[in-house]
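Inspection log for the structure reproduced underneath, given as structure tokens.
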2 protein chains.
Amino acid sequence: MSLNDRKVQILQAIINDYIETAEPVGSRTIAKKYNLGISSATIRNEMSDLEEMGFIMQPHASSGRIPSDLGYRLYVDHLMQKRELSFDEQKYLQSVISRDISQIDYLMEETAKIISALTSYTTFISEPVGQRARIKQIRLLPLDMTSVLLVIVTEDNFMKNHVIKMGTVPDEDTIFEISMYLNRAFQGCALQQIDQTILSILQLELGEYKGLLKPILNALKSTMEAAEKVQLHMSGTKNILAFPEFSDISKAKSLFQTLEEKDVLTSMLEESKCNDLQILIGSENTVQSMKDCSVITATYKLSDDTRGTIGIVGPTRMDYSQVISVLNGMVKNIEKVFKNLTDNNKDG
Amino acid sequence: MSLNDRKVQILQAIINDYIETAEPVGSRTIAKKYNLGISSATIRNEMSDLEEMGFIMQPHASSGRIPSDLGYRLYVDHLMQKRELSFDEQKYLQSVISRDISQIDYLMEETAKIISALTSYTTFISEPVGQRARIKQIRLLPLDMTSVLLVIVTEDNFMKNHVIKMGTVPDEDTIFEISMYLNRAFQGCALQQIDQTILSILQLELGEYKGLLKPILNALKSTMEAAEKVQLHMSGTKNILAFPEFSDISKAKSLFQTLEEKDVLTSMLEESKCNDLQILIGSENTVQSMKDCSVITATYKLSDDTRGTIGIVGPTRMDYSQVISVLNGMVKNIEKVFKNLTDNNKDG
DNA sequence: AATTAGCACTCGTGCTAAGTGAGTGCTAAC
DNA sequence: GTTAGCACTCACTTAGCACGAGTGCTAATT
């Protein structure tokens with residue numbers, strides 16, 4: 001039994017119809033709606049074959065057929081038509097550019113919102129991460145009467161500020177000097193490289209301000225930890241409730257549960273980071289509560305090793321073709337935004 | 001018809017039972033479960049009165065009674081027993097201390113998680129905000145070959161860093177000088193106070209680096225905008241699905257919709273900021289989708305004018321007494337954490 | 001040999017009717 | 001004023017039935 005042309009047409013019809021209606025598709029529906037030039041009886045025979053081959057299944061005897069995960073897989077890999085974005089979609093997608101995007105978290109938040117609005121699926125996105133391990137700059141600044149401000153920047157411009165309370169704050173020039181010491185001592189360092197030798201030298205150099213060393217080390221540690229932790233933004237979780245496959249509250253609940261565990265999502269995004277586009281259909285997902293969902297992820301690259309990932313979660317019966325074109329569009333868009341941002345700032 | 005002692009006892013019994021079971025409470029249930037020493041017939045008569053007075057109502061004829069918003073109001077204002085936290089609850093609540101809390105957003109995130117876990121309601125919390133309008137420090141630092149880093153700090157230590165791309169980056173000493181100019185020019189300023197006079201002087205002082213002025217002004221603007229926008233953290237949205245009052249998917253959906261609109265929540269928290277504790281029951285809420293919910297908010301104060309608010313959303317049938325004690329406990333806790341943080345840093 | 005028409009059969013869905021039980025309101029007796 | 005008793009209401013459950021969408025099989029047709 002071979003997967004001939006007609007079987008493929010029928011499978012395609014079933015998938016298209018099911019994506020649209022969420023109802024099991026019967027042979028008569030296909031005969032009437034899609035002009036394949038064959039009768040429902042013939043379609044029935046073919047469907048029986050398709051079921052035997054594992055591409056479709058019956059929710060219960062004497063009901064229509066729905067695509068299986070394998071069916072969707074075939075569809076995604078070989079049948080799916082590439083869909084161009086409409087003008088309106090394109091325009092809406094690009095609206096993220098026109099806002100103030102100098103703040104990365106805002107850009108991420110907006111991006112997630114736009115994608116979830118366009119696709120009506122749940123969207124999550126990770127901030128771009130690259131070479132964070134090494135310290136690029138570490139600077140001390142005066143803040144007020146009782147505290148100084150420590151600014152730490154890693155190689156890929158991840159940065160974090162720390163307020164350090166002190167009994168008495170040194171004067172402007174002394175702070176500048178200490179700042180220079182610190183920068184010389186730590187620049188280019190990974191956290192692990194900071195050993196006792198460096199610390200003793202530094203302690204000596206700091207002189208009467210050696211009390212600063214402890215809070216500075218704490219700040220370094222917490223910055224490095226935060227740098228490891230990829231920031232995640234999410235939007236459109238409520239959309240899940242609109243799909244009939246989640247009208248069973250308990251199913252919705254367990255998916256929500258998973259979506260609240262950012263670690264799970266982060267590691268999902270991490271895993272897919274090497275692929276430009278990754279599609280996991282139903283049972284292909286490792287997370288139990290997503291066995292009824294498909295997850296599509298796309299990776300955007302700001303440089304060779306600075307990347308982030310956008311992910312979409314929806315029922316397996318999702319509009320793969322639309323999602324993929326939206327994701328591709330958005331990836332191009334983000335990359336462009338960052339490029340523009342860089343160029344603009346060079347002018348200003 | 002007066003609200004005598006017996007009526008109050010019956011009302012209390014109805015509310016307690018309904019909070020526990022979520023089922024309309026009948027006269028026989030009360031007679032059997034709560035030993036009030038009167039028969040179900042008497043209770044029926046009293047209930048009839050209570051209904052006439054507006055404290056309870058029937059979902060449909062010949063069903064048991066449920067408390068009305070007015071009933072809950074009476075309960076909350078006069079009947080409710082203050083509940084002490086159990087040892088375990090107290091311990092769990094304080095577990096937020098033992099983690100690394102030097103980063104405010106992490107602390108907020110954890111706090112929301114703990115409260116939603118303890119109460120099983122949805123929790124949202126706003127970061128402490130005080131006098132943000134004025135600039136406390138504005139500093140320029142070298143970053144790398146093509147860019148400098150601008151650090152802006154407002155009066156209440158809200159801070160934001162901005163990367164400014166430049167064709168050629170001045171040397172360390174020049175940057176320091178520019179940094180000092182800037183700081184002198186803008187320290188103590190509100191954004192609105194920056195006028196043309198200041199700008200022309202600055203432009204003169206910046207000399208060949210006057211190109212910096214535009215990005216600096218942009219950075220100032222975006223910082224001030226971000227400072228106005230209160231950061232909000234949320235946890236436990238999925239809990240909503242566990243309550244029978246939201247087993248109707250469409251109700252759950254509209255509540256989710258509201259919870260995704262951070263502006264709405266932010267303004268709710270803002271409004272309640274003057275009260276230590278505020279309880280809005282059902283129809284007392286202005287937001288339409290929350291007319292079936294109660295919202296309890298508690299305000300924590302880090303100083304006279306630096307405050308944040310914790311809010312809890314749940315069905316009107318919520319365990320008011322538990323929620324209030326958890327919120328009070330957490331407010332004390334947060335205030336303590338911040339106090340400790342300050343003291344610790346003074347030592348180190 | 002492939003296709004199709006026809007038919008029996010399956011099974012979810014929607015409707016109705018009857019029965020059940022929790023709860024009320026009213027009345028008359030205590 | 002309190003209570004027992006009773007009629008009544010109404011949501012909820014269950015069974016039975018008809019309907020229709022859909023299948024699989026078989027025999028006729030191309």
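In what follows, chains carry the letters A, B, and so on, assigned in the order in which the sequence lines appear, proteins first and then strands, with residues in each chain numbered from 1. Below, all heavy atoms of this structure are taken into account, side chains as well, without hydrogens, waters or symmetry copies.
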Atom-pair distance (NZ on Lys7(A); P on dA2(C)), nearest Å: 11 Å
Residues which pass side-chain contact (heavy atoms from CB on, under 4.5 Å) with Thr29(B), listed by chain and number, not counting sequence neighbours: Asp17(B), Val25(B), Lys33(B)
side-chain contact (heavy atoms from CB on, under 4.5 Å) partners for Leu79(B), two or more places apart: Val8(B), Leu11(B), Gln12(B), Leu74(B), Tyr75(B)
Any residue meeting ring pair (Phe, Tyr, Trp, His ring centres under 6.0 Å) with Phe55(A), in chain and number order, not counting sequence neighbours: none
Listing time: all N or O pairs from protein to nucleotides 11-17 of chain C that are below 3.5 Å?
residue: dC11(C); atom: O4'; partner: Ser62(A); partner atom: OG; Å: 2.9

With Glu271(A) via side-chain contact (heavy atoms from CB on, under 4.5 Å) - residues at least two apart: none
Geometric class of the Tyr121(A)/Phe243(A) ring pair [parallel <30°, tilted 30-60°, perpendicular >60°]: parallel
Rounded interatomic separation in angstrom, taking CZ from Arg6(B) and C1' from dT3(D): 11 Å
Qualifying residues under salt bridge (charged side-chain N to carboxylate O under 4.0 Å, His left out), relative to Lys262(A), sequence neighbours excluded: none
Nearest-angstrom distance from the residue atom CD of Glu52(B) to P of dT24(C): 16 Å
Nucleotide dG20(D), atom C1' - distance to NZ of Lys32(A) in whole Å: 12 Å
Whole-Å distance separating the CG atom of Asp49(A) from the C1' atom of dT23(D): 14 Å
Neighbours of DNA chain C within residues 35-47 of chain B, by heavy-atom distance under 4.0 Å: Arg44(B), Met47(B)
Short side-chain N/O contact from Arg65(B) to OP1 or OP2 of dA22(C), under 4.0 Å: no
Between P of dT3(C) and CD1 of Ile10(A), the distance in whole Å: 10 Å
By salt bridge (charged side-chain N to carboxylate O under 4.0 Å, His left out) - contacts of Glu23(B) (at least two apart): none
Which residues share a side-chain contact (heavy atoms from CB on, under 4.5 Å) with Asn4(B), sequence neighbours left out: Ser2(B), Arg6(B), Lys7(B), Glu46(B)
All salt bridge (charged side-chain N to carboxylate O under 4.0 Å, His left out) counterparts of Glu261(B), not counting sequence neighbours: none
Donor-acceptor pair, side chain of Lys291(B) and main chain of Asn285(B), under 3.5 angstrom: yes
Contacting residues from residues 11-31 of chain B, given that a heavy atom lies under 4.0 angstrom of DNA chain D: none
Residues which pass ring pair (Phe, Tyr, Trp, His ring centres under 6.0 Å) with Phe256(B), listed by chain and number, not counting sequence neighbours: Phe256(A)
